Amino acid sequence: MLQLQVIRENKGEISKALQKRNIDASSLLDDILQLDEKRRTTQTQLDATLAESNKLSKEIGMLFKSGKAQEANVLKKKTGTLKEDSKRLGDELNGIAEELQSLLYQIPNIPHESVPAGNTDEDNEEIFKEGDIPTLVDDAQPHWELAKKYDIIDFELGVKIAGAGFPVYKGKGARLQRALISYFLDKNAEAGYTEMQVPHLVNEASGLGTGQLPDKEGQMYHVGGDDLYLIPTAEVPVTNLFRDEILSEKDFPICYTAYTPCFRREAGSYGAHVRGLNRLHQFDKVEIVRVEHPKNSYKALDGMVEHIKNILRELKLPYRILRLCGGDLGFTSALTFDFEVFSTAQDRWLEISSVSNFETYQANRLKLRYKDENGKSQLAHTLNGSALALPRVLAGILENYQTADGIEIPKVLVPYCGFDKID
RNA sequence: GGAGAAAUGGCAGAGUGGUCGAAUGCGGCAGUCUUGAAAACUGUUGAGGGUCACACCUCCGGGGGUUCGAAUCCCUCUUUCUCCGCCA
């Protein structure tokens, strides 16, 4: 959520920057400013009314104390209209504040200046590419065929238990999955991220804090009986650890990592490109989250990108990095880099990480602040990234490491797996 | 799940209808002293709205109510603790 004060001062620039997202926000921004104006005048009126009645109440108290009950009763009568007024103004103010809030929720984050304009993922800008694309055997297969051939993932069995998009990992498939989780967590810890274990269900306030609510409600599984949401990413519980916190400057940098399963309804996603592990309702992911001083957040973002590069180098997977264009950029993000692994057998790029700087957008919703050198509260910057999302890394490994007599395991994972080949 | 108790500032903890945004202690910050530090002493120290700055307004777990006036009384929700039951 953008700060009102920022909108007040930079309406023109914001409106212009949002055009990169193909959004014409100027009339919405006007509405917001108008409503804000109305909010402040109403607030002022309410404050004056309350001040008046506070004053009277004090006088009444004094009069009663000094035994002048009659005079007190005269004043009492005067408070009646003040009460009505403040009730009316208070209701009005609440209504305005609510409306203002809902308008503010509709404005996405301002894209960073480096974000290219564009409509779809075709307009994303490739900024880096590394790793050799392997030459595979002639009858190379996509991972869903390999999974069946080696009996390591059973999609049909998952359908029986839960439904499509809930695979069952078996034997070496399950072990490889666990190996990846441990490997990622170890790499992140090595890079200075503190490992956390967090709830996999969150309340509404948490969803609002990181921006999944109110507008993307349909993307999360909702547990009606207890009004909780299954997390779509560890970003939600981990970032919300800092909701309503005021940090001190020396607390920075804050670097956390967490493994969690992720649950996404993915309503409306069908077709061949969501086959196998490409898109799931439940998948595993190791996430990194940072809370930073505003002046360091872009350096931190670069650091996260470098860190993920290192992991992919170790896994020897061919990958590229995209700078997302305005149209593809997430609602709450100012700048996002997507990592994609090339899946040779599917002949396509698979997104395996998304690294973003949210600047103050989430912090404003979270009320995540720090005290600056003058002792004033300032909003912190939040960032996060996948390091990494499991299923597509698994797909990439299965497909790129397949040989005529089995699937080789990347060297760095062998100690975690306890085997070096799936056959 | 049943019965009871509680929720106050960074923490501990007073306050049971009116000069209470809230005593006191600890912690934090600044200063004095010291070569420096510790100790001691002095001062300062919640958040938000509003204002050029003040004034002023709101917040004592959340929401609602009673009252001229609520941290204090009532209702409700949530959470925590104790006891019982159940249980990985």
Side-chain angles (χ1 to χ4, degrees), chain A residues 1-9 32-101 103-104 197-209 213-214 222-229 237 240-252 254 261 291 360 363-380:
Chain A
M1 191 165 65
L2 300 181
Q3 296 168 84
L4 262 172
Q5 205 193 331
V6 174
I7 297 178
R8 259 182 240 153
E9 287 163 8
I32 286 173
L33 290 182
Q34 215 175 343
L35 207 53
D36 176 47
E37 190 64 40
K38 200 167 149 201
R39 194 206 99 232
R40 277 184 292 166
T41 54
T42 310
Q43 177 87 60
T44 307
Q45 286 173 34
L46 175 63
D47 285 359
T49 311
L50 288 172
E52 179 69 18
S53 88
N54 284 347
K55 210 175 109 200
L56 279 178
S57 292
K58 265 180 197 164
E59 282 174 32
I60 291 170
M62 308 254 257
L63 288 172
F64 271 123
K65 261 193 181 158
S66 53
K68 298 173 182 162
Q70 225 165 10
E71 287 177 46
N73 283 324
V74 174
L75 286 186
K76 257 196 195 181
K77 292 209 176 87
K78 283 172 72 177
T79 60
T81 53
L82 286 174
K83 233 180 143 178
E84 279 168 33
D85 286 352
S86 60
K87 173 96 175 94
R88 178 178 54 79
L89 287 166
D91 289 347
E92 206 176 305
L93 186 64
N94 285 341
I96 294 168
E98 213 170 286
E99 200 182 330
L100 187 57
Q101 181 81 331
L103 290 185
L104 281 169
Q197 286 196 9
V198 290
H200 300 165
L201 282 87
V202 294
N203 56 26
E204 185 188 17
S206 297
L208 286 168
L213 296 175
H222 182 227
V223 183
D226 295 294
D227 198 17
L228 293 169
Y229 296 88
N240 270 281
L241 295 173
F242 297 95
R243 176 152 45 85
D244 292 319
E245 293 290 329
I246 300 179
L247 305 167
S248 112
E249 280 191 309
K250 60 175 189 283
D251 293 329
F252 298 123
I254 291 168
V291 180
T360 59
N364 193 34
R365 287 195 180 186
L366 292 160
K367 294 197 173 55
L368 163 50
R369 293 153 293 173
Y370 68 95
K371 289 278 188 197
D372 67 14
E373 64 270 25
N374 303 315
K376 277 192 68 181
S377 294
Q378 305 287 352
L379 293 174

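Predicted model, so just to flag it, every value in this text is computed and none were measured. Below, chain A is the first sequence line, B the second, and so on; all start at residue 1.
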What N/O pairs connect the protein and nucleotides 71-80 of chain B at under 3.5 Å? Give each pair on its own line.
none

Is A/Asn54 close enough to B/rC57 that one of its side-chain N or O atoms is under 4.0 Å from OP1 or OP2 there? yes

Using purine N1 to pyrimidine N3 plus N6-O4 or O6-N4 for Watson-Crick, or N1-O2 and O6-N3 for G-U wobble, each under 3.5 Å, what pairs with [N]?
| N | answer |
| --- | --- |
| B/rC68 | B/rG18 |
| B/rC41 | B/rG31 |
| B/rU51 | none |
| B/rA88 | none |
| B/rA5 | B/rU80 |

Rounded to whole angstrom units, what separation is found between the [atom1] atom of [X] and the [atom2] atom of [N]?
| X | N | atom1 | atom2 | value |
| --- | --- | --- | --- | --- |
| A/Lys250 | B/rG10 | NZ | C1' | 12 Å |
| A/Leu89 | B/rG49 | CG | C1' | 16 Å |
| A/Lys55 | B/rC56 | NZ | P | 11 Å |
| A/Glu249 | B/rG28 | CD | C1' | 15 Å |

The side chain of [X] is closest to which nucleotide in this list: [options]?
| X | options | answer |
| --- | --- | --- |
| A/Arg40 | B/rG18, B/rC57, B/rG50 | B/rG50 |
| A/Leu50 | B/rG18, B/rC57, B/rG50 | B/rC57 |
| A/Ala51 | B/rG50, B/rC57, B/rG18 | B/rC57 |

Rounded to the nearest 0.5 Å, how far apart are CZ of A/Arg39 and CD1 of A/Ile96?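 Here the interatomic distance stands at 9.0 Å.
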
State, yes or no, whether a side-chain contact exists between A/Phe242 and A/Leu247 at a heavy-atom distance under 4.5 Å.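 Result yes, sub-4.5 Å side-chain heavy-atom pair found.
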
Position toward the 5' end of RNA chain B (nearest nucleotide), A/Arg39 or A/Leu75: A/Arg39

When you compare the protein's N or O atoms with those of nucleotides 59-66 of chain B, which come within less than 3.5 Å of each other, and at what distance?
none

Taking N or O atoms only and anything under 3.5 Å, show me the protein contacts with nucleotides 43-48 of chain B, one pair per line.
residue, atom, partner, partner atom, Å
B/rA47, OP1, A/Lys371, NZ, 2.1
B/rA47, O3', A/Arg369, NH1, 3.1
B/rG48, OP1, A/Arg369, NH1, 3.1
B/rG48, OP1, A/Ser377, OG, 3.4

Check step by step if side-chain hydrogen bond (donor to acceptor under 3.5 Å, both in side chains) holds for A/Asn94 and A/Glu98. CA-CA 6 Å; A/Asn94 285 341; A/Glu98 213 170 286; over 6 Å; no

